[in-house]
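Read through the structure below, which is laid out as structure tokens, and then see the notes.
Whatever order the structure lists ligands and atoms in, that order sets their numbers, starting from 1.
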Amino acid sequence: METPEARAAGKPRTVPVWKALPSALRDAHQSLVDVGNAADGAVVRLGLGISSPYLVTHPEHVQQVLQENAANYPRGDNTALWRSVRRLVGDGILSEGETWAASRRTLAPLFRPARINSLVDTMAEAIEGATDRLDQAAADGTVVDIGSELSRLVCAAIMRVFFADRLNVDEALRIMAAQESIVTSMAPRLLAPVVPWWVPMPGDRRFHRAVQEIDGILLPVLRQALRQPGTEGDVLSTLARASRDGQPLTEQQMRDDLVSMVAVTTETSYVALTWLWPVLATHEHVARRLYAEIDDVVGAGPVRAAHLPRLSYTRMVLDELLRLFPAGWIVPRRAAGPDVLGGVRIDKGATVVLSPYATHRMKAFWGPDAETFDPERFAPGRTDQRHRYAYYPFGLGIHRCLGEHLFQLEAQLIVATLVSKYRFTLTEPSVPGIRVAASLRPQRRVELTLTRLEPSVAR
Ligand code: HEM
């Protein structure tokens, strides 16, 4: 039943985004910031022609959707993002309702801070071991694509601690290549949300082939884990031992959670870290301070868990990196029932678009220089001055990212390992434009050459 508050609530302003199509869709991320700034954080509707999702940018409204009234805002499957995700990962941790809750209960113990903290040195060794190729590239003066090198480092760390090396790095990289194809093949659907699902779109066939490729690698590994569950605390052993309603998981349930875990553990992490190098190349004072901290704390390495608490500036740089380049740039939801957000009436069934990217770059919440890279925003004491929901690269509320703590440690390890060993010269020393796909990617590859630091030069 409609509440008196809902009856009294106003209609939102509709911004006719379709008038600016296709540039508004190509630069969807920037359009969201522009619309958010123009509305000064009020809830508005994005007039896309056939559909008109609500854009929610104000931290108070974000909090209402993700936390206070989260039950009214499931992920739904009326948005291109969640439909595409669902076609890849099925019904596991990235879904909604009871299925999601059961998956979250099964997987959450893997992410307990005490467990993650105990894995840091193992991750550090895996990362260090995977830098061999970079040593070679530095010796030969070869140009490297830092995005793909980072994906190798992330895979080495994650496959060791989360998959107990049941998947080797090459298999993980093949999965990531297939995911790459999925993430980019989703772009036409994300950018043309008005096209119905039964209309074939460019990218659909590539999407299907990539899902088959991923299943072809993962299903044999999964069946092996079922035959020999093992006692380790890795994802496969956990799923093989788990039960729901007193029954072991079906192969389909295991497959869905496994594919979800592979998808979320690797792609966001390396994409997020790829942005760091162009940012350092264009912000010399930040680079100098970061290098000085790592040289001081870690020296010539190797990096270990004990170093991380003293890498406070490194952490500030990473926090700021995820403010301007949050890999999960868009978080869509569906209104299960009517609601009122900031005095605006939300209709049942409507799509509600939250965007960490937009909120993180809006002047109302981050000041007139919101688009400037400035790690000082995360200096001790400064974060208390902001609304908690003004910064949410890992989501917040009931679906808050399980991997946040893991990513933070892993990212510090990777950056500290690379900076303790090399200096970096970018082929194009500028920050690339953004290409929106399921995650926020650089428009071009980030290429650079490495100079190996001699231990005496590093200090
Ligand atoms: C830079 C790295 C990462 C970013 C930016 C990121 C971002 C996000 C965001 C925005 C969500 C919330 C989605 C929503 O509300 O619908 C999320 C959920 C999730 N993330 Fe991450 N993530 C990152 C890394 C990781 C890692 C390394 C892992 C695992 C090791 C992970 C595991 C998960 C899981 C399992 C969920 C689903 C939680 C749920 O629905 O209950 N993430 N992530």
Is ligand 1 under 4.0 Å from a heavy atom in the side chain of [X], in the backbone, in both, or in neither?
X	value
Arg333	side chain
Phe407	side chain
Val331	side chain

Can you find a side-chain donor-acceptor pair between [X] and [Y] that sits under 3.5 Å?
X	Y	result
Arg244	Thr106	yes
Ser103	Asp257	yes
Arg445	Ser148	no

| message | Please determine whether a side-chain nitrogen of the Lys or Arg among Glu320 and Arg323 lies less than 4.0 Å from a carboxylate oxygen of the Asp or Glu. | response | yes
Tell me whether [X] has any N or O atom under 3.5 angstrom from an N or O of ligand 1.
X	answer
Tyr392	no
His399	yes
Thr265	no
Glu410	no
Arg75	yes

For [X], atoms of ligand 1 separated by under 4.0 Å from a heavy atom:
X	result
Phe111	29 (C), 30 (C)
Ser269	27 (C)
Pro393	5 (C), 7 (C), 10 (C)
Arg104	38 (C), 39 (C), 41 (O)
Leu406	30 (C)
Trp100	39 (C), 40 (O), 41 (O)

| Does any N or O in the side chain of Gln179 come within less than 3.5 Å of the main-chain N or O of Val211, such that one atom is a donor and the other an acceptor? | no
| field | Tyr54 side chain to Asp347 backbone, donor-acceptor under 3.5 Å | value | yes
| query | Can Pro326 be said to touch ligand 1, with heavy atoms closer than 4.0 Å? | reply | no
| note | Of Ser260, Cys401, Pro356, the one whose closest heavy atom lies nearest atom 21 (Fe) of ligand 1 is Cys401
| request: Take the angle between the ring planes of Trp366 and His360 and call it parallel below 30°, perpendicular above 60°, tilted in between. | output: perpendicular
| query | How are the rings of His58 and His61 set to each other: parallel, tilted or perpendicular (split at 30° and 60°)? | reply | tilted
| Are Phe325 and Trp275 close enough that their ring centers fall under 6.0 Å? | yes
| Distance, nearest 0.5 Å, that separates CG of Asp121 from CZ of Arg304 | 5.5 Å
